[in-house]
Protein chains: 2
Amino acid sequence: MKNIGGTPRPRLRKKARREQILLELKLHPHVRVSELAERFGVSTETVRRDFEALSADGLLFRAHGGGSAPMRGHYPGLDERSRQGMEERERIGRHAAGLVQPGDTLMIDAGSTTLQMARFLAYAGTPCTVLTNSLPVAMTLGQGETAEVILCPGEYLASESAVIGPETVAFIESHMVDQCFIGATAIDPRGVSETARGFASVKRAMIRRSRRTNLLIIRDKMGGTGFARVCGLDDISALITGAAPEGKLARALDRSGVEAMVAT
Amino acid sequence: MKNIGGTPRPRLRKKARREQILLELKLHPHVRVSELAERFGVSTETVRRDFEALSADGLLFRAHGGGSAPMRGHYPGLDERSRQGMEERERIGRHAAGLVQPGDTLMIDAGSTTLQMARFLAYAGTPCTVLTNSLPVAMTLGQGETAEVILCPGEYLASESAVIGPETVAFIESHMVDQCFIGATAIDPRGVSETARGFASVKRAMIRRSRRTNLLIIRDKMGGTGFARVCGLDDISALITGAAPEGKLARALDRSGVEAMVAT
DNA sequence: TGAAAAATGTGGGGCACTCCACAAAAAATT
DNA sequence: AATTTTTTGTGGAGTGCCCCACATTTTTCA
């Protein structure tokens, strides 16, 4: 059942079912095996197998009798390495949230690290005003009553649960804040870069309209390069990371006057 | 065990446990009865009772074997009536989704009925462009790859999981679409009204910028009135509901040339 | 078209969870 | 201290779910 490069036949039974399951999870926090089996007209065992597959991909959190949507921020493919990454992201997020002063105005970028920051910021209850293009960030912070959240307009990109595009950029340009918190795919001595298409311009706009720029990045991403350039090191006020930068990168950061913080 | 205004003794066994449960839900999407019982050193029956109480307060979504964090955003409390309402909402949503033609441009309002519509629209896979102020609607439709989703800017309102405010209205005003799908708190012969603050102006803007206006409303809401007036019956093109309107309302609709559709 | 591979269904044993009613323990009230 | 109220535990019947192995159907590929 490989069909590599072959005629795209109208075959979709298993796939359609799994898409439906994911869709359902966006609406209900929990779905039951038995319920779905009945709705799809398949045996419970088949649904169980779907669950197992989705769970292996990190798209579903398996539970007795059914499954839940995985935590926002837990991303597709949580193997050993990305689990490890989550701990680091949490540390970075907690540290970043601590940099926010009561009454601050902020911009927060989309991404799993910045989402962790939003969680801790909501938990801390620091009163502040936040402008973001990330739907999960908005929902997390909005939950806490204490922060005022402004969402950017734009085209919705499901893979990142965020909005992008010229409308997003224009909206950001019409504001000015105390500090912004940005994530990125990679950082090296020549600057910061991003892989996901359409996000670089949004990040640039946020940096432009903030008095202070904090870059949140996990250790794995130090030293690499992405597809689109976001900005140079000179544009960064502080780097918040899980491990101290080394070698050329460390020197370049120092030369550009970037404050390097290691989240413990 | 009332202790009204009495000395606040250091009694917290039940309360502490329930706080722990909620805390746990912030970290994991699902918790098990058995797991917690063991951790707290209490019987599973006690945890079950905790779950029931939290569930009644809408703080936990009960599932077989455990519980999940409730959906981010709106959760009024699903008692008998709102469960019953869901079936009707689904019927209405399915019918409304069927009114969309391939290539249409739409505006979709925030609300539980319109969210159902978004589900069916995503399922149908009708290619279209949708502008919405509801985060769940955006996420649901965005999932399906087939619709282009534009999100409005504005202040995020956690209770409705939607954005509102002057920026939302201004953004809507700068667009024009084929049809819009609106929900409301109430409808009576004098017009459509809404209770949730800040939504009436958004709905009005959508209606203004659409060639055709579809009002989605469940039977319980026919005949009542809300706090803020949205529009008159003349502004409505079609009413999609779960049961045929009767009496004065039916005559008023007829007089205003509203097409009444009953979703089966 | 026939063989291999994948997906799905079936049946049964076992375990986990639910539900209920009542008993026991702890806390609050008098 | 005795009584009422609240909270928690216990036991047993019933049900849903899990898991495994194997049969059956569907799809893919030679």
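Proteins get letters first, then strands, A, B, ... in listed order; numbering begins at 1 in each.
In this model, a donor atom of one side chain and an acceptor atom of the other lie less than 3.5 Å apart for A/Ser112 and A/Arg89.
For B/Val42, whose side chain is taken as the heavy atoms from C-beta onward, the closest listed nucleotide among C/dT10, C/dA16, D/dG9 is D/dG9. Among the nucleotides C/dT10, C/dC17, D/dC17, the one closest to the side chain of B/Arg32 is C/dC17. In the set D/dG9, C/dC17, C/dG9, D/dG9 carries the atom at the smallest distance from any side-chain atom of B/Ser43.
In this structure, the NE2 atom of B/His30 is 11 Å from the C1' atom of C/dC17, given to the nearest Å. Between A/Arg17 atom CZ and D/dT26 atom C1' there is a gap of 13 Å when expressed in whole angstrom units. What separates CG of A/Leu36 from P of D/dC17 is a distance of 11 Å, to the nearest Å. As a whole-Å value, the separation of A/Phe51 CZ from D/dC19 P is 13 Å. For A/Glu52 and C/dA6, the CD to C1' distance is 16 Å, given to the nearest whole Å.
Of the two residues near DNA chain D, B/Glu45 and B/His64, the one whose nearest nucleotide lies more 5' is B/Glu45. Nearest-nucleotide mapping onto DNA chain C: of B/Arg49 and B/Gly65, the residue sitting toward the 5' end is B/Gly65. The residue among A/Gly66 and B/Thr46 whose nearest nucleotide of DNA chain D is located toward the 5' end is B/Thr46.
Proximity of B/Leu216 to B/Thr114: side-chain heavy atoms (C-beta onward) are separated by under 4.5 Å at one or more points. Counting heavy atoms from C-beta on, the side chains of B/Glu194 and B/Phe227 never come closer than 4.5 Å.
Between A/Phe61 and B/His30, the ring-plane angle classifies as tilted under the 30° and 60° cut-offs.
Residue A/Thr44 is out of contact with every strand shown, counting any heavy-atom pair closer than 4.0 Å.
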